Amino acid sequence: MRTTHRIFKFHAKAATTSLFLVTAAGAATLSAQNLNPKSTSFSDDSLLTSAAFSDVIRAGLSGVVRSSRAIWTIASTVVDYKYSLHGLSEDSEDYRRLLSEVHLRSAKRILQLCEANRGFYVKAGQFVASLRQVPKEYSSTLSSLQDQAVPCPFKSIKDALTSNLGPDLSEIFLFFDEHPIAAASIAQVHRAVLKDHQEVAVKVQYPGLEHQLKVDIAAMSFLSKFVEWFFPEYRFRWMVSKFTEAIVLELDFINEARNSERTGKYFKNNPVVRVPLVFWEFTTRRVLTMQFCKGCKVDDLERIKEMGIKPNKVARALVEVFAEMIFIHGFVHGDPHPGNILVSPEGPNGFCLVILDHGIYKELDEGFRLAYCQLWEALILLDANKIQQLGEYFGVGKYSRYFPLIFTGRTIDSKSTLGRGMSAVEKENLNQELKALKMEDISSFMESLPSDFLTILRTDGLLRSLLRKLGALQRVRLLAYAKYAVHGLHTKLDPESDNMVKAMFSRFIATLSYLQLRLILEVLELLSRAQQVKHALINWFKKILISAGYFVRNSRILFLPQTS
């Protein structure tokens, strides 16, 4: 008991020390990056005006407070883990039960931190919630951040508009709704009407975000190192790096507009997909003006049904759009949460999908895209040798055996058919295997994966969540991925430069290969069903025999001569 008390005192002292350290780190970041006009900046402004200087000071002071709050939260969490789990064997039931409780307490603390700091902390919380590799206590608790955004007062939004589009907004807009139709962690969207009577949606970035980002990222980087110091097996620097990479791109609305136009080009012949047009003359790095498109969120089942649209059709269209992005174009939308995909009651089949928010995209390396197509073909057929080979290519070695579990819900030795759950025996064997895994294994796995793979994992996780809400069976996603993976293995064609004969021949070969794969899957499904029917008939026959035996025994008793 005395030893435990000393450990608790030591970590409490470390938490207090770290509080001062991160405050100093925030101040140093402020002075080195924000107050020096010559330092590298996200901004194009060459001069630091007095107003901008005031924004920098406010952002810097706010950053110190936010950083201090963050380190106190994380330090408290470190103490909780160390103190609560001290002296327990990692193989014991008590350890696993208490670990889950600490996960939940810690997730709630971090949720409160994100709600207090807002801005990039909310975005970071959303990023973590979308990762299927974090403990479920974190992902389920932080998922509530997806719908949390406090709109910015219109005065600040108007200042941002005038500084980016010009002082007289009446020369551009006939009407501008001061109340936002959507608000997120870095921007909000207003409905407006241009002078030529076109209805538009105007996305405006919150003022001061770029200065705030520098301090917040410095604090998050420090926190990841701080946690790693206490828990060497928990390595989160890769997560901070990926988040920083994504958020910097998302702050540049010119980049988002380019991504939007590129996606629109890829899907221009697909009537089920609509990408809003960009109005370039009214678009800057901090203001994006685009075509206004009506529709409801893709997970709003009530509205979808009211429009007479079947949710399973929406699910099928949704998964095919993203499968085409991943396997065919290698240009992937990295943030497909419900607010970024609308269902509109327009289109050849009674609806279309409106794809919004093109800030986070990942262009897959061509070698990776082809290898990922091969991986899915191997996953569908459960080709263990091929999965192992591709695991070596992706740099994860022995952990490749978990690819089937991550993507299809089967173990690499599974006998179940595609889209069906594991048997009770398989689940038991898997549980025993997973108990032997340490956090060190998970950290090593995540660090070894190529950056393209991490993006795919996040996008696939968000997509699976949407499909569940739409009531789609897992088989819908798996077959769509199989179809587009096979098509993606053939020549990647440019519809504008490749000749028609070559394109038609490639599509024919791809379709033939997919039909062959689909036939194999159907045969496996048929054999599985035949096996199930066989077991059902055997059980039925056993029951009949048992019932018959029971009847015979009772009859013998009934007709035996009675003795007095």
Side-chain angles (χ1 to χ4, degrees), residues 26 29-30 33-34 41-45 48-49 51-67 69-70 113-127 145-166 169 173 176-192 200-220 243-244 246-257 282-290 335 337 339-340 356-360:
T29 306
L30 166 66
Q33 296 184 26
N34 287 338
S41 172
F42 297 106
S43 174
D44 296 327
D45 301 330
L48 195 62
T49 64
F53 186 79
S54 299
D55 287 342
V56 170
I57 292 295
R58 279 195 296 270
L61 293 175
S62 171
V64 171
V65 173
R66 290 148 61 84
S67 299
R69 188 185 289 135
L113 170 67
C114 294
E115 290 171 339
N117 279 1
R118 300 194 295 182
F120 295 110
Y121 282 84
V122 171
K123 199 74 182 173
Q126 293 171 348
F127 182 82
L145 292 170
Q146 294 291 359
D147 299 320
Q148 287 196 21
V150 180
C152 187
F154 185 69
K155 182 182 182 302
S156 298
I157 294 298
K158 186 176 180 181
D159 290 343
L161 285 168
T162 55
S163 65
N164 281 272
L165 301 182
L169 297 179
F173 303 106
F176 196 100
D177 191 348
E178 295 185 7
H179 301 285
I181 56 175
S185 53
I186 68 168
Q188 62 192 48
V189 182
H190 292 257
R191 189 172 65 89
V200 294
V202 185
K203 183 176 180 180
V204 187
Q205 190 176 124
Y206 299 136
L209 280 187
E210 292 181 343
H211 301 301
Q212 182 180 306
L213 173 64
K214 295 170 187 174
V215 179
D216 286 350
I217 292 300
M220 290 177 190
F243 172 72
T244 305
I247 203 68
V248 169
L249 289 175
E250 196 173 2
L251 286 177
D252 185 356
F253 289 175
I254 296 291
N255 175 68
E256 179 175 346
F282 309 120
T283 294
T284 70
R285 291 183 67 254
R286 297 181 183 85
V287 174
L288 173 60
T289 304
M290 53 200 154
D335 196 20
H337 67 74
N340 290 342
L356 305 173
D357 201 345
H358 301 270
I360 301 177

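Since the model is a prediction, treat every value here as computed from it, not as a measurement.
Pro151 and Tyr206 get closest at one heavy-atom pair: CA-OH, 4.4 Å. Considering all non-hydrogen atoms of both residues, His190 and Phe154 come closest at CE1-CD1, 4.0 Å. The two residues Ala70 and Leu113 make their nearest non-hydrogen contact at CA-CD1, 3.6 Å. Nearest approach of Gly125 to Leu145, heavy atoms of both residues: CA-CD1, 3.6 Å. Closest of all the heavy-atom pairs between Val122 and Cys114 is CG2-O, 3.4 Å. Between Ala160 and Val287, the shortest heavy-atom distance links the atoms O-CG2, 4.3 Å.
Under the side chain to side chain donor-acceptor pair (under 3.5 Å) criterion, Thr283 pairs with no residue at all, not counting sequence neighbours. Remark: Gln205 pairs with no residue by the side chain to side chain donor-acceptor pair (under 3.5 Å) rule, at least two apart or across chains. The ring pair (Phe, Tyr, Trp, His ring centres under 6.0 Å) search around Phe173 returns Phe176, not counting sequence neighbours.
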**OP:** Report the C-alpha distance between Val189 and Leu356 in whole Å, list the side-chain angles of each, state the deciding distance to 0.1 Å, and finish with yes or no for side-chain contact (heavy atoms from CB on, under 4.5 Å).
**Re:** CA-CA 12 Å; Val189 182; Leu356 305 173; over 6 Å; no

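Note: Arg286 CZ to Leu251 CG = 9.0 Å, rounded to the nearest 0.5 Å. Atoms CD1 and OG, on Ile247 and Ser185 in that order, are 6.0 Å from each other to the nearest 0.5 Å. Residue Ile360 holds its CD1 atom at 4.5 Å from CG of Asp335, rounded to the nearest 0.5 Å. Atoms CG and CZ, from Leu169 and Phe282 in turn, are 11.0 Å apart once rounded to the nearest 0.5 Å. One distance of note links CG of Leu288 with CG of Asn255; it measures 11.0 Å at 0.5 Å rounding.
Asp357 has its side chain within reach of Glu256: a pair of non-hydrogen atoms, C-beta onward, lies under 4.5 Å apart.
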